[in-house]
Structures are given as structure tokens and as C-alpha cells.
Amino acid sequence: MGRVSGLAIDCHGHFTTEPPQFHAFRKAQIAFAEGRSQERLAYSGIDDDELQRIVAQNQLRVQQERGSDLTILSPRASGMGHHVPGQDIATEWARLSNETVRRICELFPRNFAAVCQLPQTIDGDLEPVLAELERCVGNGFIGCNLNPDPSGGHWSAPPLYDRWWDPLWETMTRLDVPAMIHVSGSCERALHTTGAHYIAADTAVFMQLIEGDLFERHPALRLIIPHGGGAAPYHWGRYRGLSIMLGKPPLSEHLMNNLFFDTCVYHQAGIDALFTVIDPKNLIFGSELLGAVRAVDPETGHPFDDTKRYIDALGLDDETRQAVFEGNARRVYPRLDALLTAQGR
């Protein structure tokens with residue numbers, strides 16, 4: 001069966017336990033950006049002692065309780081706020097958020113690896129995005145989170161197969177880093193951020209990729225759709241059929257050499273369906289550690305987002321288990337593989 005993994009790598013974690021002063025700064029920053037305040041505050045960040053305490057009591061504690069070994073960590077997704085006006089604000093906020101995650105990974109180098117937020121804006125171009133990606137990768141980040149809808153629910157951005165995005169795909173390919181496709185907060189009252197906007201965006205992006213020729217043009221590009229791939233695995237026949245109607249190759253050739261789903265699906269039946277429909281080579285263990293759903297399932301007595309428990313219950317053979325928990329992540333994130341190898345893991 002091959003080597004049995006000693007690691008469980010969680011590909012989807014966010015720093016969602018920021019202290020009050022972090023949120024207060026962001027609130028003041030948004031007020032300045034929107035013209036509701038004339039004062040542009042400075043913020044020195046979170047000192048190491050406080051940051052270490054916060055992470056030890058939250059992300060690290062949960063990681064250890066649930067039996068995972070390393071979390072790929074990024075800033076709070078709903079807090080990226082790409083709809084907030086002003087490129088300089090977006091760049092300042094991305095850099096502060098990314099530097100906080102970088103410091104967490106330096107404080108806990110065997111428990112966390114960093115993925116960066118990009119300073120996207122509704123009307124901005126990609127130059128600041130590319131610059132921040134280059135800076136972060138140069139500082140040890142292993143990937144990025146990419147928002148396909150900076151408008152927060154209005155979908156004013158070009159679809160991901162549009163050539164407008166090509167400079168980003170080319171830079172990612174050169175740097176050998178993947179992107180997790182992850183929207184930020186919803187600006188629409190009718191579109192709940194985590195319950196509707198996230199899952200709808202995952203599904204919309206999957207259909208965009210069917211419609212286009214992105215991976216034919218960028219064959220080395222790797223993308224991760226979170227939250228179990230949105231609706232795609234559970235309506236696989238619909239998408240296979242649409243692909244045929246659009247004259248595209250089979251999904252296994254058209255998308256699935258470059259596209260991966262995480263396992264952020266919060267019940268056993270959903271995980272069962274995901275593993276039945278999707279080849280395990282395209283699945284990466286993820287839990288959205290301290291993310292969208294922080295509640296205990298009264299039917300099981302366990303947290304909804306303890307996704308490792310659902311995967312363990314599948315009874316996977318050793319080779320498949322190693323791929324889902326470790327091998328696929330190391331393959332999709334080569335810089336993570338290099339980091340772990342340097343640590344002797």
C-alpha cells in the first residue's frame with residue numbers, strides 16, 4: 001500500500017481569534033476608507049506574547065485535540081474585505097494580516113504554514129496583487145487565497161478563465177504556488193456569508209472553470225475549491241452533462257488534473273458522498289479550523305467541523321489515507337513539501 005502517513009495536514013485554517021484591538025483598527029480603517037472619518041490610524045500589531053497565547057489557547061489546542069499535525073493558515077477569509085474602497089487600504093490591510101500569520105508560523109513552525117491574503121479591490125488591477133504575492137512567497141508563504149468576487153456578492157469581476165487573470169496565473173506558476181479560491185464577506189443581506197455566499201461562490205467558480213480553457217492554457221496551475229467543492233460533487237451528473245453540452249473534454253481531463261477540493265463538509269453523509277464521487281487524488285483534508293461552524297452536533301456529541309473524524313470513519317486503505325491526509329497536500333503545495341522535508345518530516 002505504500003508508506004502510511006505520520007502526518008495529518010489540514011489545508012484550510014484561518015486566524016479567526018484576533019484580539020479586540022485588531023478588529024478596532026480594521027473598523028477605523030474602513031471608516032477612513034469610506035470617508036466617514038478623517039483620521040487614518042496606525043497600528044503596531046499584536047505583540048509576540050499575546051499572539052502566542054491566543055494561538056496556543058485556540059488553533060493549536062484544537063489542532064492537538066483533534067489529532068492533526070499541521071494547519072495551512074491564512075487570515076480570516078470573511079475579514080479580507082476586498083469591497084472596501086482604496087488600493088492603499090487593501091494593501092495595508094493585506095500586509096498587516098499576512099504579517100500576523102507569518103509571525104504565528106514563526107512562533108509555531110511545526111504546527112502552521114502560511115498562506116497569504118491578496119490586496120484585491122473591486123476596480124483595481126493585478127499589479128499590487130502580484131507584488132504582495134511575490135513578497136509573501138519570498139518570506140516563506142506556500143500559497144495564496146484568491147477571491148473570485150471582490151465585490152462581495154455582485155460578481156463584477158471577470159470569470160477566472162478570462163485572460164485578465166493571466167498575469168496572476170503566470171506568477172503563481174513561476175513561483176510554484178497554488179491558490180485556494182475563497183471569497184470574503186457578503187455585502188448582500190440576502191446572501192449569508194458562510195451559509196450561502198461561500199458555497200455559492202465555490203459552485204460558481206467550478207462552472208466558470210468548465211466553461212473556459214484555463215488549465216489548457218496554464219497546465220501547471222493548481223487551484224483548490226474549498227468547502228467540499230461547493231455543490232459540484234453532489235450534482236456531478238449535472239456538471240458532466242453541461243461539460244458535454246459545451247463541447248468540453250470529460251471533467252477528468254478538463255479540470256481534475258489541476259483542481260482539488262478540501263474536506264470541509266460537516267456531516268458524515270456529505271463526506272461519504274464526496275469520497276464516492278471524487279477521486280481521492282483530488283481531495284485534501286481540511287477542516288476550516290476555527291472557522292464557519294463552531295457548534296457541537298447534538299446527534300453525535302462532536303463538533304460539526306471535526307472533519308478528521310468523518311474521514312477516519314470511512315475506513316480508507318493506507319495508500320488512500322496517506323494521500324488525503326498528507327500526500328496530496330505536499331503535491332499541491334510543493335513549498336510545503338520542501339518546508340516539511342527541511343524539518344525532517
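For the numbers below, each heavy atom of this structure counts, side chains included, while hydrogens, waters and symmetry mates do not. Fair warning: this is a prediction, and the values are worked out from it, not measured in the lab.
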Taking every non-hydrogen atom, the tightest pair across [X] and [Y]:
{"X": "V332", "Y": "P178", "answer": "O-CG, 3.4 Å"}
{"X": "V101", "Y": "A114", "answer": "CG1-CB, 3.8 Å"}
{"X": "H227", "Y": "D262", "answer": "N-OD1, 2.8 Å"}
{"X": "V177", "Y": "V137", "answer": "CG1-CG2, 4.0 Å"}
{"X": "P119", "Y": "P128", "answer": "CG-O, 3.5 Å"}
{"X": "A232", "Y": "F261", "answer": "CB-CZ, 4.5 Å"}

With the 4.5 Å side-chain cut-off for hydrophobic clustering, are [X] and [Y] part of the same group?
{"X": "Y234", "Y": "M256", "result": "yes"}
{"X": "L118", "Y": "L221", "result": "yes"}
{"X": "V205", "Y": "L274", "result": "yes"}
{"X": "V265", "Y": "L259", "result": "yes"}
{"X": "I30", "Y": "F25", "result": "no"}

Are the side chains of [X] and [Y] in touch, meaning some heavy atoms are under 4.5 Å apart?
{"X": "H267", "Y": "D272", "result": "no"}
{"X": "L242", "Y": "M207", "result": "yes"}
{"X": "E288", "Y": "D10", "result": "no"}
{"X": "L340", "Y": "Y333", "result": "no"}
{"X": "L223", "Y": "L214", "result": "yes"}
{"X": "P19", "Y": "E50", "result": "yes"}
{"X": "Q120", "Y": "L146", "result": "yes"}
{"X": "I181", "Y": "D202", "result": "no"}

Query raised in the report: How far apart are the C-alpha atoms of R135 and E99, what are their side-chain angles, what is the distance that settles it, and do they pass the salt bridge (charged side-chain N to carboxylate O under 4.0 Å, His left out) test?
Result: CA-CA 11 Å; R135 187 190 74 82; E99 285 302 290; 3.0 Å; yes

Hey, does the side chain of [X] reach the backbone of [Y] with a donor-acceptor pair shorter than 3.5 angstrom?
{"X": "W165", "Y": "P148", "result": "no"}
{"X": "R26", "Y": "W93", "result": "no"}
{"X": "N328", "Y": "L283", "result": "yes"}
{"X": "Y310", "Y": "Y266", "result": "yes"}
{"X": "S243", "Y": "Y239", "result": "no"}
{"X": "S287", "Y": "T307", "result": "no"}
{"X": "R331", "Y": "K281", "result": "yes"}
{"X": "D279", "Y": "N282", "result": "no"}
{"X": "H218", "Y": "E170", "result": "no"}
{"X": "S151", "Y": "I122", "result": "no"}

Is a side-chain donor-acceptor pair under 3.5 Å present for [Y] with [X]?
{"X": "Q59", "Y": "T17", "value": "yes"}
{"X": "D149", "Y": "H82", "value": "no"}
{"X": "R95", "Y": "N98", "value": "no"}

Report task. Given side-chain contact (heavy atoms from CB on, under 4.5 Å), test Q268 with T300 step by step and report yes or no. Result -> CA-CA 10 Å; Q268 189 66 55; T300 67; over 6 Å; no

Report, as yes or no, whether the 6.0 Å neighbourhood of atom [atom1] on [X] holds more than 12 heavy atoms from other residues, nucleotides or ligands.
{"X": "Q343", "atom1": "CD", "result": "yes"}
{"X": "R240", "atom1": "CZ", "result": "no"}
{"X": "D123", "atom1": "CG", "result": "no"}
{"X": "R36", "atom1": "CZ", "result": "yes"}

**Report entry** Sequence neighbours excluded, every pair satisfying ring-ring contact (aromatic ring centres under 6.0 Å, His included) that has a member inside residues 139-164
**Finding:**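 Of all non-adjacent pairs touching residues 139-164, none passes ring-ring contact (aromatic ring centres under 6.0 Å, His included).
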
Give the table of side-chain donor-acceptor pairs shorter than 3.5 Å for residues 65-78, with sequence neighbours excluded, one pair per line with atom names and distance.
unit_1, atom_1, unit_2, atom_2, d
E65, OE1, R61, NH1, 3.2
E65, OE2, R61, NH1, 3.3
R66, NH1, D305, O, 3.4
R66, NH1, D305, OD1, 2.9
R66, NH2, D305, OD1, 3.1
D69, OD2, A8, N, 2.6
T71, OG1, Q63, NE2, 2.9
S74, OG, G13, O, 3.3
S74, OG, H14, ND1, 2.9
S74, OG, N145, ND2, 3.0
R76, NE, E18, OE1, 3.4
R76, NE, E18, OE2, 3.0
R76, NH2, T16, O, 2.7
R76, NH2, E18, OE1, 2.8

Between [atom1] of [X] and [atom2] of [Y], what distance do you get to the nearest 0.5 Å?
{"X": "I311", "Y": "R309", "atom1": "CD1", "atom2": "CZ", "answer": "12.5 Å"}
{"X": "I46", "Y": "Q21", "atom1": "CD1", "atom2": "CD", "answer": "6.5 Å"}
{"X": "H83", "Y": "C187", "atom1": "NE2", "atom2": "SG", "answer": "4.0 Å"}
{"X": "L133", "Y": "L168", "atom1": "CG", "atom2": "CG", "answer": "6.5 Å"}
{"X": "F15", "Y": "F22", "atom1": "CZ", "atom2": "CZ", "answer": "7.0 Å"}
{"X": "C116", "Y": "I142", "atom1": "SG", "atom2": "CD1", "answer": "10.5 Å"}

Salt bridge check: are [X] and [Y] linked by an N-O gap of less than 4.0 Å?
{"X": "D88", "Y": "R40", "answer": "yes"}
{"X": "E106", "Y": "R103", "answer": "no"}
{"X": "E134", "Y": "R174", "answer": "yes"}
{"X": "E216", "Y": "K248", "answer": "no"}

Query raised in the report: Between D176 and R222, is a side-chain contact (heavy atoms from CB on, under 4.5 Å) present by the stated rule, with each step listed?
Result: CA-CA 9 Å; D176 204 13; R222 300 179 302 281; 3.0 Å; yes

Requested in this report: Determine, using ring centers only, whether H192 and Y198 are less than 6.0 Å apart.
Outcome: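 Distance test on ring centres: not under 6.0 Å, no.
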
Report task. Test L289 against every option in L60, N58, V62, D306 by the side chain to side chain contact (heavy atoms under 4.5 Å, CB included) rule and name the one that passes. Result ->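 For L289, the side chain to side chain contact (heavy atoms under 4.5 Å, CB included) check succeeds only for V62.
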
Requested in this report: List in chain and number order the residues that pass ring pair (Phe, Tyr, Trp, His ring centres under 6.0 Å) with F285, two or more places apart in sequence or in another chain; answer none if no residue qualifies.
Outcome: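 F285: ring pair (Phe, Tyr, Trp, His ring centres under 6.0 Å) contacts with F325.
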
